[in-house]
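Throughout, a chain's letter reflects where its sequence line sits, starting with A, and its residues are numbered from 1.
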There are 2 protein chains.
Amino acid sequence: MRSTPRTEAFPAHTPAAAQIFTTVLSHGPLTRSDMAARAGLSAAAVTKAVRPLIEAGYLVEEAGDEARPALGRPANSVRVDGGRALFIGVKVTGDEIIAVLTDLCCRIRVARHVPLPAREPQPVLTAVADLVHELLAEADGFGVQVQGIGVAVSGDVDRAAGEVRLSPFLEWRDLPLAELVEMTTGLPVTVDNDVRALTVAEQWFGAGVGLSDFAVVTVGAGIGCGLVVHGKVVSGAHGVAGEIGHVVIDPTGPLCHCGNRGCAEAIAADPAIVAAVRDATGLPVADAAQALELARRGDPGAREVYARAGDAIGRAIATVANLMGPERVIISGEGLAAYDLFAEQIRDAFAASAFGTAARCDLLTRPLLFDEWARGAAATAIQSFIGGPPHGTG
Amino acid sequence: MRSTPRTEAFPAHTPAAAQIFTTVLSHGPLTRSDMAARAGLSAAAVTKAVRPLIEAGYLVEEAGDEARPALGRPANSVRVDGGRALFIGVKVTGDEIIAVLTDLCCRIRVARHVPLPAREPQPVLTAVADLVHELLAEADGFGVQVQGIGVAVSGDVDRAAGEVRLSPFLEWRDLPLAELVEMTTGLPVTVDNDVRALTVAEQWFGAGVGLSDFAVVTVGAGIGCGLVVHGKVVSGAHGVAGEIGHVVIDPTGPLCHCGNRGCAEAIAADPAIVAAVRDATGLPVADAAQALELARRGDPGAREVYARAGDAIGRAIATVANLMGPERVIISGEGLAAYDLFAEQIRDAFAASAFGTAARCDLLTRPLLFDEWARGAAATAIQSFIGGPPHGTG
DNA sequence: TTGATTCTTTTCCGCCGTCAATGAAAGAAA
DNA sequence: TTTCTTTCATTGACGGCGGAAAAGAATCAA
């Protein structure tokens with residue numbers, strides 16, 4: 001067996017250095033003066049923060065002399081060398097494990113997935129370890145160390161403690177997951193809730209870059225929501241936040257597994273849509289793909305179900321916007337495959353329900369590939385590696 | 001006319017000093033070691049931060065040797081000298097102006113109110129200036145300077161800019177209120193949204209002390225909500241947040257002025273209750289007091305209206321709890337006069353609609369006196385005076 | 001070559017907060 | 001009474017971080 005790889009420490013020991021690095025990471029190549037302006041620091045501080053990062057190879061000077069203003073000394077851009085470090089992100093769902101190998105810029109290099117052998121912690125841990133070791137072998141091919149692992153699980157996760165408090169899908173309780181995976185891999189492990197992990201990825205590498213207040217809404221098997229307020233991901237006082245799936249849209253609507261009627265999730269999540277399409281058409285629709293095909297073919301009953309789902313999603317998003325006033329809401333999730341069927345309803349319902357200036361909030365859709373969840377997990381690992389504020393500033 | 005009083009600068013020029021002071025302000029008398037522990041600073045830093053504050057008279061040693069542990073040198077408690085500085089808080093409602101004179105601990109010394117002469121900015125400004133000058137005269141009697149004025153207005157207010165962007169009740173738009181009041185009073189003025197101001201008061205002087213995530217829900221002429229997330233009051237990217245009043249509770253419910261049906265405000269705010277009681281009983285009920293009396297006397301129609309209102313409020317609070325996961329929700333507002341009529345419904349609806357650990361959130365009611373809104377405004381003035389982070393840390 | 005302009009680095013300095021040692025105020029033990 | 005122990009508070013030295021200002025570097029224009 002391979003000797004346990006030793007990870008190195010990220011050479012940003014001052015807050016300013018971490019801030020500078022994340023600024024470059026998120027905002028692409030930047031000149032030193034740009035960094036100073038964006039980070040609110042002096043030029044001198046930037047020089048001092050950048051040097052050790054360049055020496056350690058995390059930042060590199062960029063030759064790109066594109067379109068400079070013809071006068072004065074040309075500015076030297078600096079960018080993150082994505083290839084300097086690798087990370088592994090793992091997402092454990094109810095029926096499979098997805099893992100990706102990413103670089104420091106969170107670009108996916110390799111993706112793998114295997115079916116979940118069973119739901120008990122032990123077989124899942126073994127499967128995760130196997131998958132991680134596969135990716136570590138791949139990483140050897142790049143000649144670069146893997147510096148950390150992120151694991152994303154749905155449910156109540158305490159990132160700081162590295163524990164899964166409660167995962168209904170997997171039926172886990174108070175499992176010290178970070179410690180367990182660290183033992184089998186020898187690498188630092190960050191455990192976080194899946195939606196929060198996806199939100200971190202958007203905040204650092206996606207459509208949330210530079211925003212201090214935004215939300216990520218995921219539509220799929222469930223309906224989730226990650227929130228960033230004051231530049232930090234919201235975790236809630238009791239470890240749970242963003243439960244948009246249980247915002248009640250219609251108190252006379254279908255029964256939800258939470259016991260109430262007409263939750264967003266009971267109207268617009270995949271299982272609810274499948275059930276509603278079956279009801280509306282009388283056809284033996286088995287899964288979301290079949291429901292989608294039926295609607296695409298023009299079945300009026302199925303189309304109506306999707307329209308209602310879109311309306312529910314739009315209302316739920318408006319509720320979030322009314323309460324927190326985000327600058328942008330990023331809509332994502334497997335359910336977006338049906339986006340053409342309910343886009344209009346989402347926007348209409350949002351516009352009708354958003355109050356006052358909350359309506360100025362920008363709605364953005366972002367198709368979610370199957371490995372995106374795992375990429376979110378990798379983003380949390382990158383965040384931990386850089387060691388900025390836990391759930392760091394945008 | 002009195003010569004314009006000069007205000008002094010608060011002698012806390014380092015972040016640590018401001019943090020220490022607000023810690024003592026919120027957590028009552030503290031020994032130096034307590035401060036160090038709470039603020040996460042070294043004992044030495046505390047000593048250095050405290051000295052200038054004592055020399056300037058803002059902090060005083062307290063002789064209180066209560067219950068000390070019989071061993072070792074007794075600890076010296078330090079507390080804020082509330083009488084060291086005075087502040088004025090002004091709340092402008094749709095039909096009156098309420099002003100209070102408070103001390104540095106936000107204890108009300110004098111309260112005044114006058115009817116609103118008209119809604120145009122000019123007469124309101126004159127009335128505010130008159131009221132402020134009355135309170136300044138009172139302050140002379142205490143022999144202490146007034147160090148700042150806070151003004152609270154409902155609607156979209158940009159505190160940093162000191163502008164009222166839009167106040168529907170008063171029909172104001174883009175009014176540089178802080179600047180205008182500063183001109184007539186010569187004192188520093190802080191302008192903020194009324195619910196946010198009340199939230200600041202709870203955060204620094206009330207039931208939100210020490211909590212990094214909580215919400216304040218106000219029930220009365222409207223239904224509002226102030227949020228504190230990550231220790232800071234949420235203002236929203238577009239200046240508006242906490243619009244809990246327009247969370248839809250029942251899409252088939254009564255029409256709301258926002259254009260939708262069944263908003264919390266259209267069910268549980270005072271005007272909605274009055275209208276519903278009138279409908280239910282056929283009696284010419286004119287205002288909330290009459291509706292309340294009717295229900296207290298046992299009229300079943302009226303009682304049912306209050307029960308429905310309580311249910312709506314409970315559901316709305318659950319929505320907030322599900323989304324943000326606050327540690328506590330403080331329920332307040334004039335509407336609480338009817339608390340006995342809907343307390344049970346609020347709690348039941350909350351318990352039924354709160355999902356998972358969000359239900360652990362603590363519901364607290366806090367009776368709201370008529371001058372509490374103005375006190376909130378004073379709290380914002382105190383906050384600005386101390387100059388901690390804008391919408392400072394808990 | 002000199003100058004103008006702009007970006008970057010260097011050098012110096014101030015400031016803040018920690019560390020470690022010292023001092024202070026009690027009660028307990030001798 | 002004296003000394004010890006314990007805990008709280010203060011002092012002074014130290015180190016680190018970030019800013020200001022001046023010097024250096026790279027380019028084009030005259």
Side-chain angles (χ1 to χ4, degrees), chain A residues 9-24 27 29-55 59-79 386-389 393, chain B residues 9-24 27 29-55 59-79 386-389 393:
Chain A
F10 186 69
H13 300 108
T14 118
Q19 197 191 352
I20 290 288
F21 186 78
T22 59
T23 305
V24 179
H27 295 88
L30 286 177
T31 70
R32 288 170 170 77
S33 21
D34 283 347
M35 295 180 217
R38 279 190 195 270
L41 293 169
S42 70
V46 171
T47 294
K48 280 182 277 197
V50 165
R51 188 176 9 244
L53 291 168
I54 288 191
E55 276 167 7
L59 293 179
V60 289
E61 303 271 353
E62 182 155 81
D65 287 11
E66 76 299 339
R68 79 178 117 79
L71 194 58
R73 172 178 173 174
N76 278 9
S77 287
V78 170
R79 64 175 176 79
I386 293 173
T393 304
Chain B
F10 185 70
H13 300 108
T14 116
Q19 197 192 351
I20 290 288
F21 186 79
T22 60
T23 304
V24 179
H27 295 88
L30 285 178
T31 70
R32 288 170 171 76
S33 20
D34 283 347
M35 295 180 218
R38 279 188 194 271
L41 294 169
S42 69
V46 172
T47 294
K48 281 182 272 199
V50 165
R51 194 189 350 256
L53 291 168
I54 288 191
E55 276 167 7
L59 293 180
V60 289
E61 302 271 353
E62 182 156 79
D65 287 10
E66 76 297 338
R68 79 176 117 79
L71 193 59
R73 172 179 173 174
N76 278 8
S77 287
V78 169
R79 64 174 177 79
I386 292 172
T393 302

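Taking all atoms of both residues into account, the shortest heavy-atom contact from A:Thr31 to A:Ala75 is CG2-CB, 3.4 Å.
Taken from CD in B:Glu62 to CG in B:Asn76, the straight-line distance is 10.0 Å, to the nearest 0.5 Å.
If you take CG of A:Asn76 and C1' of D:dG24, they are 14 Å apart, rounded to a whole angstrom. Atom CG of A:Leu30 and atom C1' of C:dC7 are 15 Å apart (whole Å). The distance between atom CD of A:Glu61 and atom P of D:dA25, rounded to the nearest whole Å, is 16 Å. Straight-line distance from the CD1 atom of B:Ile20 to the C1' atom of C:dG17: 11 Å, rounded to whole Å. B:Met35 places its CE atom 13 Å from the P atom of D:dC8, with the value rounded to the nearest Å.
In this structure, of C:dT10, D:dC8, C:dA26, it is C:dT10 that holds the atom nearest to the side chain of A:Arg51.
Side chains of B:Leu53 and B:Phe10 form a contact here, defined as non-hydrogen atoms less than 4.5 Å apart. Contact check for A:Ile20 versus A:Leu41: side-chain heavy atoms found under the 4.5 Å cut-off. Inter-residue side-chain proximity for A:Thr14 and A:Lys48 is flagged as unmet; no heavy-atom pair is nearer than 4.5 Å.
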B/S/- along nucleotides 12-21 of chain D (protein heavy atoms under 4.0 Å) is BB---SBBB-

What string of B, S and - do you get for nucleotides 1-6 of chain D 5' to 3' if you count protein non-hydrogen atoms under 4.0 Å? -----B

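Residue B:Thr47 is in base contact, counting any heavy-atom pair closer than 4.0 Å across all strands shown.
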I'd like to know whether A:His27 forms a side chain to side chain contact (heavy atoms under 4.5 Å, CB included) with A:Leu30, so could you lay out the CA-CA distance, the side-chain angles of the two residues, the decisive distance to 0.1 Å, and finally the verdict. CA-CA 7 Å; A:His27 295 88; A:Leu30 286 177; 4.1 Å; yes

Side chain to side chain contact (heavy atoms under 4.5 Å, CB included) for B:Arg79 and B:Leu59? Distances and angles first, verdict last. CA-CA 6 Å; B:Arg79 64 174 177 79; B:Leu59 293 180; over 6 Å; no

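Formation of a donor-acceptor pair under 3.5 Å by the B:Gln19 side chain with backbone atoms of B:Ala39 is found in this model.
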